[in-house]
Amino acid sequence: MNIKTDKDCDLKLIQSRRVAIIGYGNQGRAQALNLRDSGVGGIVVGSRGGTAAGELAAADGFSVLSFAGAVKLADVIVILLPDEVQGEVYKKHIAPNLQAGAALVFGHGFSIHFKLIEPAENLDVILAAPKGPGKTLRALYREGLGMPCVIGIHQDASGSARALALSYAAALGSGRSGILESSFREECETDLFSEQAILCGGLPALVKAGYEILVEAGYSPELAYIECLHEVKQIADLMWQGGLNFKNQAISNTAEFGGYLAGERLVDEKVRAEMKTILADIQSGRFAKTLMADHQKGFEKLKSRRAEDAAHEIEKSGLRVRNLMPWLQKKGD
Ligand SMILES: NC(=O)c1ccc[n+]([C@@H]2O[C@H](COP(=O)([O-])OP(=O)(O)OC[C@H]3O[C@@H](n4cnc5c(N)ncnc54)[C@H](OP(=O)(O)O)[C@@H]3O)[C@@H](O)[C@H]2O)c1
């Protein structure tokens, strides 16, 4: 894989463009602030108006316009709306107002890879996907560090889309760690797979099942919470910092030995086969269709599953435990 750093990027390219940030949420705010601190002037923020995001952008000192107004003024349009609404906002407000030769930048490959947006051929279409939450992207930048970012090129109308993508990612601070040259397809499919099989699917399901089994067996809910959820961070931090072997050196032989035996029993051939089916559903576009169908129904399924999580017993035990450590709430700000 081609991995680039600041020395391979020309920051002046993005500094000489007029950037519109469309959607001022998790990523939009972090990216706008990092770009501005990297010397990108005249950033405008596009907002649907009358909502919290526009007010926050104005309070942060950006000029806030309608989606159409922001797009008309800019020649780099960064689309940082929720994936499921990008297609409709693009069709209504972005496409009719684009300058010829403008560049579109996406924070995730979803809309382009699954053809929810099909941009005109005279546009550069760039992926700049930081690999983590917006708050962390911003915090790392402020510490003088950077979050790895995946870039990709879907269309190169100008002949300089790659140089612009590198410049944009460097302005996010990612050239301080690594800018990984990939594609919309690879970023999109690997990102969805890791979210579903591990980070937001497999891991929370294991945590909930572990908690339920301990409580059903008569153990204290608070201790079950600490063992099954609270301690996830300590192990995740070790793996994040130094990988598997680093983690193994920091845990007891008992934990490591028991972990090997149980891990093999849990992630057996049946689970691997299911993980492959999850990947196949992502690759075929079946997952994207299911997501968009639920969005069309007002996110019926999403909202009902969210409510189930919120009502789960583990949330009540968690509140009692977290109240012992009020500093945890501050960390999430
Ligand atoms: N979450 C992350 O940190 C992260 C990490 C990597 C990549 N990404 C990618 O970055 C993109 C943005 O994700 P995000 O998590 O930053 O989005 P988000 O915070 O959920 O939403 C961004 C903004 O979109 C506006 N919005 C929501 N629904 C809208 C609608 N129906 N019409 C118009 N505007 C609407 C909201 O502002 P108002 O409601 O106040 O108007 C919100 O501030 C996605 O492509 C995502 O996959 C996100």
Side-chain angles (χ1 to χ4, degrees), residues 20-35 45-60 62 64-71 77-95 104-117 119 125-141 146-152 154 168-169 172-174 177 179-180 182 184-196 199-200 282 287-288 291-292 294-299 302-303 306 332-333:
I21 301 285
I22 306 297
Y24 200 75
N26 295 312
Q27 279 296 316
R29 182 170 194 232
Q31 296 201 17
L33 294 171
N34 287 9
L35 290 171
V45 170
S47 159
R48 57 181 156 173
T51 57
E55 282 171 24
L56 182 59
D60 286 339
F62 291 107
V64 182
L65 301 166
S66 64
F67 290 137
V71 171
I77 320 298
V78 189
I79 302 182
L80 294 171
L81 297 163
D83 296 303
E84 68 279 3
V85 308
Q86 289 183 6
E88 59 200 64
V89 172
Y90 185 82
K91 211 174 278 169
K92 257 196 220 156
H93 304 289
I94 299 179
L104 297 176
V105 180
F106 290 85
H108 179 31
F110 194 89
S111 292
I112 292 294
H113 180 54
F114 293 117
K115 299 191 180 347
L116 300 168
I117 293 179
V125 182
I126 291 168
L127 173 72
K131 290 289 103 184
K135 280 186 197 307
T136 317
L137 178 72
R138 179 64 184 153
L140 285 169
Y141 185 96
M147 176 181 280
C149 180
V150 172
I151 61 165
H154 176 67
Y168 186 89
L172 296 182
S174 300
S177 54
I179 303 170
L180 292 75
S182 176
F184 276 79
R185 182 188 72 80
E186 189 180 43
E187 186 278 337
C188 180
E189 292 177 357
T190 55
D191 188 76
L192 293 176
F193 178 74
S194 75
E195 282 169 1
Q196 294 176 26
L199 309 172
C200 311
I282 291 166
F287 166 72
L291 174 81
M292 293 308 291
D294 198 45
H295 168 58
Q296 298 304 330
K297 288 196 235 153
F299 268 146
L302 178 75
K303 286 179 184 162
R306 189 181 283 159
D333 283 352

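In listed order, ligands and their atoms are each counted from 1.
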Short N or O distance, [X] and ligand 1, threshold 3.5 Å exclusive:
X: Ala53; answer: yes
X: Asn26; answer: yes
X: His108; answer: no

Study note, to complete from the structure: So for Phe106 against ligand 1, with non-hydrogen atoms under 4.0 Å, the contacting part is neither

Check your understanding: Just heavy atoms, cut-off under 4.0 Å: does Gln86 contact ligand 1 by side chain, backbone, both, or neither?
Key -> side chain

Check your understanding: With a 4.0 Å cut-off on heavy atoms, is Gly49 touching ligand 1?
Key -> no

Check your understanding: Pro130: heavy atom below 4.0 Å from ligand 1, yes or no?
Key -> yes

How far apart are the closest heavy atoms of [X] and [Y], and which atoms are they?
X: Leu127; Y: His108; value: CD1-C, 3.5 Å
X: Pro130; Y: Cys149; value: N-SG, 3.8 Å
X: Leu104; Y: Pro119; value: CD1-CB, 3.8 Å
X: Ile77; Y: Val71; value: CD1-O, 3.9 Å
X: Gly107; Y: Ala129; value: O-CB, 3.1 Å
X: Tyr24; Y: Asp60; value: OH-OD2, 2.5 Å

Should you measure from each heavy atom of [X], which atoms of ligand 1 turn up under 4.0 Å away?
X: Gly107; value: 7 (C), 9 (C)
X: Gly25; value: 19 (O), 22 (C), 23 (C), 43 (O)
X: Gly134; value: 3 (O)
X: Pro82; value: 20 (O), 21 (O), 22 (C), 24 (O), 26 (N), 27 (C), 28 (N)
X: Phe67; value: 33 (C), 34 (N)
X: Pro133; value: 3 (O)

Practice item. Identify, with sequence neighbours excluded, every residue that meets ring-ring contact (aromatic ring centres under 6.0 Å, His included) alongside Phe67. Key: His93

Practice item. Not counting sequence neighbours, which residues clear ring-ring contact (aromatic ring centres under 6.0 Å, His included) with Tyr90? List them please. Key: none

Can you figure out which of [options] has its heavy atom closest to [atom]?
atom: atom 31 (N) of ligand 1; options: Leu80, Val89, Val85; result: Val85
atom: atom 30 (C) of ligand 1; options: Arg48, Gln31, Met147; result: Arg48
atom: atom 13 (O) of ligand 1; options: Asp83, Leu137, Leu81, Asp191; result: Leu81

Revision key, fill the gap. When distances are taken from atom 48 (C) of ligand 1, the protein heavy atom at minimum range is Gln27 CG, 3.3 Å

Revision key, fill the gap. The protein heavy atom nearest to atom 41 (O) of ligand 1 is Thr51 OG1, 2.6 Å

Point to revise | Presence of salt bridge, Glu88 and Lys92, under 4.0 angstrom | key: no

Check your understanding: Any side-chain donor paired with an acceptor under 3.5 Å for His113 and Glu189?
Key -> yes

Point to revise | Distance, nearest 0.5 Å, that separates CG of Leu137 from NZ of Lys131 | key: 12.0 Å

